[in-house]
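Counting starts at 1 for both ligands and their atoms, in listed order.
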Amino acid sequence: MGNNTNEKVESDYIFDKKMVCPVCDREFKTKQIRTGKARFLGTDEVLRPSYSGVDVTKYDVVMCPHCGYAAVNRTYGHVTPKQIQAVKRDIGARYHALIQNEEVYSYDSAIRRCKMAMLTAMVIHQKVSENAYLCLKLAWLYRGAINEMQEAGTSEQKIEKYRNSEHEYLMDAYKGFATALETEYPPICNIDEMTLNYLMTSLARECEDYDNAIRYAYAIIGSRSAASGMKEKARALAEEIKALKAKE
Ligand SMILES: [Zn+2]
């Protein structure tokens, strides 16, 4: 029986940061992760990061509650005057201000924010890789929500809906990154070449595109630059995929 007095709650890992919206020039507060507080535990097969105490992915998107402009931290504020006009016309004019007073972001609100970032990316014609990355993040959020619901004992019927969404966005991410790889060269969205090959192996498996999954895995296994740990993970994944393919 542990002592709970030292146990941190999610709100201990975040703080309110004041932002100015580059589109409507209004001020708002967004929740950010305190750097160095949460301990990094690792990533899963689709690179979803896990940290102790908090799901950092919920806090990736900055969204202006006044006009709806939204972007991940890495690209927030990177908009040209022409893009600002496009956001004002295509989002701001139709968007109803949404000021929420949540202490922490729920998965559903993080999912909404991520979808607004996807809408913004579409309106400002972001690179295809950025769209793919947002699809991936959205899938991570659905996965996080599923874990949370399972722990809470939510009915399988409700979870099923989230599972379908997770799968759908993993498929979109796969298509998006595959297209991006035709015209962009890694690192793509800060993902290096070998990590991207690993991600593509996992995404191709998710989409039951087994031949390409094996091809991406062998790009790692046969590479001179891949780290040995990465090669091992790729080998294990390739074996799994071959077994799945044999069952077809
Ligand atoms: Zn705004």
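For the Zn ion (ligand 1), the set of protein N/O/S atoms nearer than 2.8 Å consists of C21 SG, C24 SG, C64 SG, C67 SG, ordered by chain and number.
A salt bridge links E45 with R143: at least one charged nitrogen is closer than 4.0 Å to a carboxylate oxygen. Salt-bridge annotation for D211 and K245: present, with a side-chain N of the basic residue lying under 4.0 Å from a carboxylate O of the acidic one. A salt bridge links E10 with K58: at least one charged nitrogen is closer than 4.0 Å to a carboxylate oxygen. In this structure, E166 does not pair ionically with R163, as no charged nitrogen and carboxylate oxygen lie closer than 4.0 Å.
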From CA spacing to verdict: side chain to side chain contact (heavy atoms under 4.5 Å, CB included), D192, Y198: CA-CA 10 Å; D192 66 70; Y198 180 71; over 6 Å; no
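Aromatic ring centres of Y69 and Y95 lie farther apart than the 6.0 Å criterion allows.
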